[in-house]
Amino acid sequence: MRPILQQRANAACASCKRRALGWLRASQFAPTHTTNGTCIRINLVSLGTTARLQSSWSRSSPLLAAMVEAPAAPEAPLAQTSDTIKHSVFMELKTSDESEQLLRIRHSCAHIMAMAVQRLYKGVQVTIGPWTDRGFFYDFQWPADNPITEKDLKKIKKEMAKIIKADLPFVREEVTPAEAESRIRSAGEPYKLEILQSILQRDASASITIYHIGEPAAPATPAPAPASAASAVDAPGAGAAAPAAPSKAPGGVKPWWDLCAGPHVARTGDINPDAVELESIAGAYWRGDEKNAMLTRIYGTAWETPEQLKAYEQLKEEAAKRDHRKLGAELNLFSIQENSGGGLVYWHPNGAMVRHLIETFWKELHLSRGYQLVYSPHIAKADLWKTSGHLDFYRENMYEQMKVEDETYQLRPMNCPFHISVYKDGYYSYRDLPLRLAELGTVYRYERSGTMHGLFRVRGFTQDDAHIFCLPNQITSEIKGVLDLVEETLGTFGFHDYEVNLSTRPEKSVGEDDIWAMAEAALVEALGVKGWRYQVDAGGGAFYGPKIDIKIRDAIGRKWQCSTIQLDFNLPERFDMHYMDSSASKQRPIMIHRAIFGSLERFFGILIENYMGAFPLWLAPVQVRLLTVNDTVVEYARDVAAQMKRAGIRAEVMGEASIGKLIRNAEKAKTPVICVVGAKEAENNTLSVRLYGGKELGALPTQEVVGRIVMASSTKSGKF
């Protein structure tokens, strides 16, 4: 992780706005503005474990200086898993956010693919074509009488290779809205026109940019390719594409253009065609709304080298083996039954046991750290959500209201208003704070049917929610306490490699300047005390407070957003919260929202894929399976199982089949400890122990086996 100040491209001066994102992604320069409006340039140079701030004009922003100059901690150790070698290989596969060059390549490939499609298929209209974390896609309106199939992908890729080898330039052109509309209408592209209109509705003075592949026939006013995607166009490649002019570039390739913000590579020849692959076809509603037309989406991936593409394909193969939806069914962990409603999770016995273990661990740990557990309703009167602001700002994610005895109720999308209600039901002086309230609270949020994905995106889920109400001078210690809790919690499940992001005050915000400054400084100080490396997303905080986001890496190097720590200056004001200070005056408490798992459902899905269904010994739904060779040893096996259960071990007895089949079934169930029980074991009070994966330990005394499992459970270990 390089020290990068993630400055958003909304700086006050135009020069900063144009260059911000490109500088940042290159980890070289980041423009920002001090409180007095002085423009400074931050030179971020990695020197060992520090990042130095060099200002050409001013050093009047001590908080910003502290964020950038604070010593960075050593890299956190990687999670120790059986996939360490694979992990190190996959770690080299950078996302678009981590590599400016890959972002440009992927975005350019989206345009090249759209150009290839329109060269090959008459009547196809294009809409949007952004880059993704590890690839790109483009949405097309395909003629109904000539639908695309998977077989067409090879043909499209071949045409893309032809365009790439033609080494055509990407030419940026700024046009007036009237000129853009004229060209779009001439091209007969209604989706492009709709996007142009939506841009102008947001900002009538927005600059409109077009990118050409190949030199346009009529002399355009070329502009240097921007170093960033900072533009009035929200989505990269936001628009459609059509031939720009009848002329042809060298190599016989006709120029093509798209309404787009960039950025792109300089020439198509900068892309290695052997590092590009088209992956799949899917349906997608225009603008994500099922009321709109169904479009055809083509997904692709692009890399700098064929070797990276091969490693990515290996990563996909590995991820497919770990798919939590497949493993969830095979291991009887959970199901989502469409006849009951999409996005609603059924926890089966094995999955419910794992959830019980996770919840028990979470509750006990929080109680030991000074949190108090609460339970709150799943619905409340709509007035509560009006006060909180959710009806104004979050309505599209909430379910329809319901009438109960002439009063309006709403399913909860959040837990925070309920915890505030608990706070307001009491009386607090400054001596009573901090107050830490924690709940595993189920919430309900509307998701479109096309966006749901196993446990990762559902309509009903349980947040490991907690809210801390504290004094301003307690922020640092409370944040440090939460970070300690995050480290212990995630570390218990084998996650030790984090990406940490600090998001600071945006242009539009609520709360006093001194409180914001204190809060941001407290977050920086807490991270400094922890010694964690972090990136700063300057201006990326919520309007009501700064936050820390923590991503974990799994066994094959994928990142997952889990923990969030969010300060809130808004809700205490909305709910008129207060405490009495030392002079008996009412003061507003500081509110801290925090979640460690994010949601139990999503975290469970991450665990399934991280462990490939083979949960560590302490967390496995069944820890031991006793396999009987014949009926004569069944009674002994049952006695051992009963002894294990009295010791808190989850054990079961299996027989009435060949020992080979019983072992294969236990391996399929990913049972951590498999004990074969025959006459010799019954006679000697031993168990023949085999671990998941095939390691044979031979005959061990029954008491030793029990002791080892009890120790693994008490220490939250995966080791027998």
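Just so it is clear, the values below take in all heavy atoms, side chains as well, and ignore hydrogens, waters and symmetry mates.
- Between the side chains of Gln101 and Ser99, no donor N or O sits under 3.5 Å from an acceptor N or O.
- Within 6.0 Å of NZ on Lys326 lie more than 12 heavy atoms contributed by other residues, nucleotides or ligands.
- No donor-acceptor distance shorter than 3.5 angstrom exists from the side chain of Arg104 to the backbone of Val265, with no hydrogens or angles considered.
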CA sep, side-chain torsions, deciding dist, call: Arg553, Glu499, salt bridge (Lys or Arg N to Asp or Glu O under 4.0 Å):
CA-CA 8 Å; Arg553 284 191 189 270; Glu499 177 182 291; 5.1 Å; no

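- Here the side chain of Asp270 pairs a donor or acceptor atom with the backbone of Arg267 at under 3.5 angstrom.
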One pair to check against side chain to side chain contact (heavy atoms under 4.5 Å, CB included): Glu277 and Lys157. What are the steps and the verdict?
CA-CA 7 Å; Glu277 189 61 75; Lys157 183 185 174 186; 3.2 Å; yes

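- In this structure, the side chain of Gln308 engages the main chain of Glu304 through a donor-acceptor pair within 3.5 Å.
- Applying the ring-ring contact (aromatic ring centres under 6.0 Å, His included) criterion to Tyr299, with sequence neighbours excluded, gives Phe137.
- Judged purely by atom type and a 3.5 angstrom limit, Ser198 uses its side chain to pair as donor or acceptor with the backbone of Ile195.
- Looking at Thr268, its side chain does come within 3.5 Å of a backbone N or O of Ile163 through a donor-acceptor pair.
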side-chain hydrogen bond (donor to acceptor under 3.5 Å, both in side chains) assessment of Asp133 paired with Ser96:
CA-CA 5 Å; Asp133 275 354; Ser96 298; 5.9 Å; no

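- Using a 4.5 Å cut-off on side-chain heavy atoms (C-beta onward), Leu278 and Met113 make contact.
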Could you walk me through whether Ile210 and Trp257 pass the side chain to side chain contact (heavy atoms under 4.5 Å, CB included) check?
CA-CA 7 Å; Ile210 286 174; Trp257 61 270; 3.8 Å; yes

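- Checked by atom type, the side-chain pair Asp97/Thr95 shows no donor-acceptor distance below 3.5 Å.
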Residue pair Leu502, Gln535: steps toward the side chain to side chain contact (heavy atoms under 4.5 Å, CB included) verdict
CA-CA 6 Å; Leu502 170 62; Gln535 300 178 111; over 6 Å; no

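- Between the side chains of Tyr498 and Ser563, no donor N or O sits under 3.5 Å from an acceptor N or O.
- Panel note: side chain Asp537, backbone Ser503; no donor-acceptor pair is recorded below 3.5 Å.
- By the ring-ring contact (aromatic ring centres under 6.0 Å, His included) test, Tyr121 is found to be paired with Trp142, residues two or more places apart in sequence or in another chain being considered.
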Given the rule in the side chain to side chain contact (heavy atoms under 4.5 Å, CB included) test, do Met160 and Val276 qualify, once you have shown the distances and angles that lead to the verdict?
CA-CA 9 Å; Met160 290 176 66; Val276 179; 4.1 Å; yes

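- Aromatic pair Trp560/Phe456: ring centres closer than 6.0 Å.
- Side-chain contact annotation: Tyr534 with Asp549, donor-acceptor N/O pair under 3.5 Å absent.
- The neighbour count for Glu396 CD, taken as heavy atoms of other residues, nucleotides or ligands under 6.0 Å away, does not exceed 12.
- Exactly one of Tyr211, Trp131, Phe136 qualifies for a ring pair (Phe, Tyr, Trp, His ring centres under 6.0 Å) with His264. That residue is Tyr211.
- Judged purely by distance below 3.5 Å, without hydrogens or angles, the side chains of Gln141 and Tyr191 pair a donor atom with an acceptor atom.
- A distance-only check finds a donor-acceptor pair linking the side chain of Arg602 to the backbone of Gln561 [under 3.5 Å].
- Ring centers of Phe493 and Phe597: under 6.0 Å apart, within the cut-off.
- Atoms CZ and OG1, from Arg459 and Thr451 in turn, are 7.5 Å apart once rounded to the nearest 0.5 Å.
- The backbone N or O of Gly693 lies less than 3.5 Å from a partner atom in the side chain of Glu667, making a donor-acceptor pair.
- The backbone N or O of Arg134 sits less than 3.5 Å from a side-chain atom of Thr301, completing a donor-acceptor pair.
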Could you please spell out the steps behind the side-chain hydrogen bond (donor to acceptor under 3.5 Å, both in side chains) verdict for Tyr285 and Asp139?
CA-CA 9 Å; Tyr285 290 109; Asp139 287 348; over 6 Å; no

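- Side chain of Asp258 to main chain of Cys260: no donor-acceptor pair is present (N/O by atom type, distance under 3.5 Å, no hydrogens or angles).
- The cationic group of Arg106 lies under 6.0 Å from the six-membered ring centre of Trp303 and within 45° of the ring axis, placing it in a cation-pi geometry.
- Taking every heavy atom of both residues into account, Glu189 and Val126 meet most closely at OE1-N, 3.6 Å.
- Expressed to the nearest 0.5 Å, how far CZ of Phe615 lies from NZ of Lys670 amounts to 10.0 Å.
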